[in-house]
Amino acid sequence: MYAIVREPIDPRALETAIGAHCGRYGGVATFLGTVRDRAADGRPVVALEYEAFEPMALAEFERIAAEAGERFGDVALAIVHRVGDVAAGEISVAVVVAAAHRRAAFAACEYAIDALKSRAAIWKKERYGDGSGNWLPGMP
Amino acid sequence: MYAIVREPIDPRALETAIGAHCGRYGGVATFLGTVRDRAADGRPVVALEYEAFEPMALAEFERIAAEAGERFGDVALAIVHRVGDVAAGEISVAVVVAAAHRRAAFAACEYAIDALKSRAAIWKKERYGDGSGNWLPGMP
Amino acid sequence: MERVRVRVLAFARIRELLGGAQRSLELSPGARAGDVLPALAGEVPALGALADSTRIARNGRIVSLDEPIRDGDEIALLPPVGGG
Amino acid sequence: MERVRVRVLAFARIRELLGGAQRSLELSPGARAGDVLPALAGEVPALGALADSTRIARNGRIVSLDEPIRDGDEIALLPPVGGG
């Protein structure tokens, strides 16, 4: 289950979407990225503005999920990223992984969020209380 | 936030309880243990029956959370285990960890569920479709 | 000689074998933690085989088998744990 | 000589510098992927400094800078990514 959305992310709905509660899996590992209210230099942050090249980002989500399956076995993944303004404290990204055992669930979840951050065509701009903003450095 | 409960666990409520969306944290790692519908030998499992020595289990949850804080820095944890009958597919245990960065969140979450399974005074009995049951071997 | 009456809490397999989660038990003066399960095994022989794997908590704290037991103690019999 | 007109998609900092997420651009015949950003830098000089860090996707697929561009292509200009 892979999506780029503009509305708030509901992690519980993602669990259901991947069948995490169907009885086949013994563990669900979830990572939620949330917007911090302070920049690295301490400035108050009101929101992060996310932007994606959606078809490429979604294709990358699918590749990442396929890789996780090859590496960690029978896992069901949801990868969802929000775009537009995401206020401090809100969820910008969710990776939900169901697996038979917890080791595989944790490993696949961490693998997927790492890969998403370094590979998916998504960008973010920090927005400050005074109305100014700053695109955060990404990975080339 | 540490609890032994008899009703279904709501992981979203736990996120709120530990302030995961207050803006201070950049990542939330969650582990949900779910009841598998098959035993190790393939027999259909209808439920796991969990039992706890509550005061000792709760004291252990608190110790585990304190240890996670010492090892992984500023983390907020919820550790909640359900007791009584938990049907296949349902959540038996939830560990929710908010941290500034994802590495600490993942590490503390995995540490806490590992420690809970090996140390907390909780037991489980597999219950099969024919009405029979079997206490699962634990750690001495 | 001082009377030593304790409240026994039993869990999981031990609870089922004992037929209940709680009971009271009178021990000989000078009894130690390791004496509780053998005392019950006189009544429920199957408990004897579990002595090696059972940990004893006295008043909510795990103790060694030579811990002295006092009148009024709460003694919990804990099979190997395995939640999650 | 064949006309090479492409649709340019710009993201993040590049989009802001260019003043829009999409525009069309006419390139010289024989143009390659690496020619797109310099062509736009003629109009928006600040884009020139971003050429080294920008990846080019041609019709949804990352390509090297010497990839030939065809008329009708969709060329996306991708700054270093960093979601999450």
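Letters A, B, ... mirror the listed sequences (proteins, then strands); counts begin at 1.
In this structure, chain D has a heavy atom under 4.5 Å from the side chain of A:K125, while its backbone stays farther away. Residue A:R119 touches chain D through its backbone alone, counting heavy-atom pairs closer than 4.5 Å. Interface remark: D:I62 contributes backbone and side-chain atoms alike to the contact with chain A (heavy atom separation under 4.5 Å).
Residues A:W135 and D:R13 approach most closely at O-NH2, 3.6 Å, considering heavy atoms.
Between the A:W123 side chain and the D:P79 main chain, a donor and an acceptor come within less than 3.5 Å of each other.
Scanning residues 39-60 of chain A against chain D with a 4.5 Å non-hydrogen threshold yields A:E49, A:Y50, A:E51, A:A52, A:F53, A:M56, sorted by number.
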